[in-house]
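One-based numbering along the sequence shown. Remember, predicted model here, so these are calculated numbers, not experimental data. Note that ligands are numbered from 1 as they come in the structure, with each ligand's atoms numbered from 1 the same way.
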Amino acid sequence: MQMIRLVFGIIVLLAIFRFPAIESRSHHGLAKAGIQFSALNCRKHSAVLTDFGGVGDGKTSNTKAFKNAISKLSQMANDGGAQLVVPPGKWLTGSFNLTSHFTLFIQKGATILASQDESEWPVVSSLPSYGKGRDGTGNGRFNALISGSNLTDVVITGNNGTINGQGQYWWDKFKKKEFKVTRPYLIELLFSENIQISNITLIDSPSWNIHPVYCKNVIVKSITILAPVTVPNTDGINPDSCTNTLIEDCYIVSGDDCIAVKSGWDQYGIKFGMPTQHLSIRRLTCISPKSAGVALGSEMSGGIKDVRIEDVTLLNTESSIRIKTAAGRGGCVEDIFARRITMKTMKYVFWMSGNYDQHPDEGYDPKALPVVTNINFRDMTAENVTQSARLDGIDKDPFTGICISNVTIALTEKPKKLQWNCTNVAGVTSRVTPEPCSLLPESKASGKAADCKFPSDLIPIESVVLKKCSV
Ligand SMILES: *[C@@H]1O[C@H](CO)[C@@H](O)[C@H](O)[C@H]1NC(C)=O
Ligand SMILES: *[C@@H]1O[C@H](CO)[C@@H](O)[C@H](O)[C@H]1NC(C)=O
Ligand SMILES: *[C@@H]1O[C@H](CO)[C@@H](O)[C@H](O)[C@H]1NC(C)=O
Ligand SMILES: *[C@@H]1O[C@H](CO)[C@@H](O)[C@H](O)[C@H]1NC(C)=O
Ligand SMILES: *[C@@H]1O[C@H](CO)[C@@H](O)[C@H](O)[C@H]1NC(C)=O
Ligand SMILES: *[C@@H]1O[C@H](CO)[C@@H](O)[C@H](O)[C@H]1NC(C)=O
Ligand SMILES: *[C@@H]1O[C@H](CO)[C@@H](O)[C@H](O)[C@H]1NC(C)=O
């Protein structure tokens with residue numbers, strides 16, 4: 001017996017020394033459960049950033065603490081996975097990468113502060129589907145604050161903890177055209193699947209906020225994104241060459257598009273050939289006076305297909321759903337469905353631009369024309385609108401299959417005289433006021449048939465049931 005106790009004691013001691021910080025749920029059960037949250041998967045192991053030397057004073061760099069924590073916890077990927085808790089405090093850090101079967105939990109009262117020291121941000125190569133950096137002419141880009149490539153089963157969540165990008169440094173330097181490489185994003189996952197980003201607040205990103213690229217099965221849910229409406233390129237959520245994505249219950253105030261759906265840029269995006277498809281966006285509230293609620297493009301060269309948008313509120317926003325493309329993009333924007341959009345104070349309700357002529361370099365093919373077709377908008381109201389629609393297709397490449405039904409637009413005190421300005425577009429309308437342009441005549445069909453389509457099925461990610469987990 002004593003021998004067994006001794007051996008057991010040694011094993012316990014070894015275990016304690018080996019993983020001093022990491023609690024295993026199988027030992028403690030759920031008795032100590034604190035914060036409850038919903039996630040794709042719960043984890044067997046849990047650790048706190050302070051176990052790895054983290055200092056939450058807002059001044060000490062925690063880059064090493066995050067790296068050490070994630071490197072250690074990555075060893076548990078095949079043993080039930082691990083979660084890293086960021087407790088209340090201000091945790092300054094540079095860029096770090098995540099691992100698979102992993103949860104980053106940012107507690108209420110915790111703020112991850114993005115470093116303004118460029119040496120804390122490794123420079124990585126440009127995205128293959130873009131060829132070039134998006135800022136200026138240089139190649140390369142700063143790795144995102146929280147990043148990861150080729151991962152599976154990653155959850156970034158909290159009970160409304162914060163990530164603060166401290167963007168002022170980056171916005172100022174960008175405006176002075178002093179960057180040779182592209183500004184960092186806050187969260188970026190590449191070539192990954194089974195991703196959840198939920199219940200956190202993102203403030204003042206240097207550039208885009210959330211960028212899943214080349215990903216599958218992505219949920220972005222209950223996120224608050226705040227940036228001054230005057231600062232450059234602070235897009236909210238940018239699903240880019242992703243399949244099966246759900247974005248719901250988000251509140252976004254931004255200096256650029258609240259959601260920008262993308263799939264690569266001109267010849268690089270055409271060659272890479274990865275579309276964004278099967279995307280559902282619902283219950284979004286957006287304020288973006290200089291940009292769109294949901295933009296499709298401008299980089300769409302891998303194609304954008306099967307996008308469903310519903311129950312959206314737009315306040316003081318430039319346009320609702322904006323298609324941005326140009327000759328040279330190739331690709332397509334097709335099978336787009338939107339319904340139940342409520343708008344107040346809009347420059348345009350509908351805006352399609354076939355002349356968004358920003359190209360990565362001179363190597364683009366001006367004969368690569370985008371296909372824009374089967375665009376369905378229904379059941380919308382807007383108040384205080386300057387111009388109902390500005391629809392510019394491309395010469396010899398009209399945007400076709402446009403359907404708009406049951407839309408009531410009330411105008412501002414000083415509206416544009418020409419309410420529907422349409423060129424190179426084709427389609428039908430039904431029960432739309434003010435009266436649409438002649439290129440979008442009243443549908444001849446009667447009754448229900450005159451309603452534009454909206455799919456009655458779900459995309460697979462909409463049926464995923466989250467598990468109840470705890471910290
Ligand atoms: C993150 O991973 C990328 C490769 O995907 C690498 O280039 C970069 O250096 C890593 N960043 C850090 C902070 O380790
Ligand atoms: C991730 O996967 C892609 C596509 O399979 C591959 O091209 C890339 O090199 C991988 N990246 C890393 C960091 O492993
Ligand atoms: C996440 O947000 C949703 C919606 O606001 C809320 O119902 C839920 O309680 C939140 N979860 C946590 C852990 O705070
Ligand atoms: C989360 O925090 C942000 C910023 O403080 C706040 O605006 C938002 O209302 C909070 N969301 C929830 C669900 O508590
Ligand atoms: C209506 O829109 C104009 C801009 O066109 C704006 O200045 C004004 O404040 C808005 N009015 C209301 C009541 O929101
Ligand atoms: C028209 O759209 C409004 C929302 O703007 C909706 O409440 C109403 O049910 C729709 N009418 C029909 C006949 O679908
Ligand atoms: C209508 O749109 C065309 C093409 O964008 C533009 O050239 C023209 O100035 C617009 N007309 C009015 C009256 O806004």
Closest to atom 8 (C) of ligand 6 (judged by heavy-atom distance), picking from Thr408, Ile341, Asn406: Asn406
Pair Glu334 + Lys305: basic N to acidic O under 4.0 Å: no
Ionic contact status for Asp257 with Lys290, cut-off 4.0 Å: no
Sub-4.0 Å protein heavy atom near atom 5 (O) of ligand 6: yes
Heavy-atom protein contact below 4.0 Å for atom 2 (O) of ligand 6: yes
Starting from [atom], which protein heavy atom do you reach first, and at what distance in Å?
atom	answer
atom 12 (C) of ligand 2	Asn150 OD1, 3.3 Å
atom 11 (N) of ligand 1	Asn97 ND2, 2.9 Å
atom 13 (C) of ligand 6	Arg431 NH1, 3.9 Å
atom 7 (O) of ligand 2	Phe191 CZ, 4.6 Å

Contact check: Lys67 vs ligand 1, nitrogen or oxygen atoms, below 3.5 angstrom: no
Spatial distance of atom CZ (Phe350) from atom CD1 (Ile404) [nearest 0.5 Å]: 4.5 Å
Lys344, NZ: over 12 other non-hydrogen atoms inside 6.0 angstrom: no
Neighbour count >12 (heavy atoms, 6.0 Å) for atom CG, Asp457: yes
Ser95 heavy atom under 4.0 Å from ligand 1: yes
Distance under 6.0 Å and angle within 45° of ring axis: Arg183 vs Phe174: yes
Pair Tyr214 and Phe272, ring centroids less than 6.0 Å apart: yes
Aromatic ring proximity, centroids under 6.0 angstrom, Phe142 and Trp170: yes
Give the atom numbers and elements of ligand 1 that come within less than 4.0 Å of a heavy atom of [X].
X	result
Asn143	1 (C), 11 (N)
Ser149	5 (O)
Val124	7 (O)

Enumerated ligand 6 atoms positioned under 4.0 Å from heavy atoms of Thr381: 5 (O)
Over all atoms of both residues, closest heavy-atom pair of Gly53 and Asn62: O-OD1, 4.4 Å
Contact partition for Met380 relative to ligand 6, non-hydrogen atoms under 4.0 Å: backbone
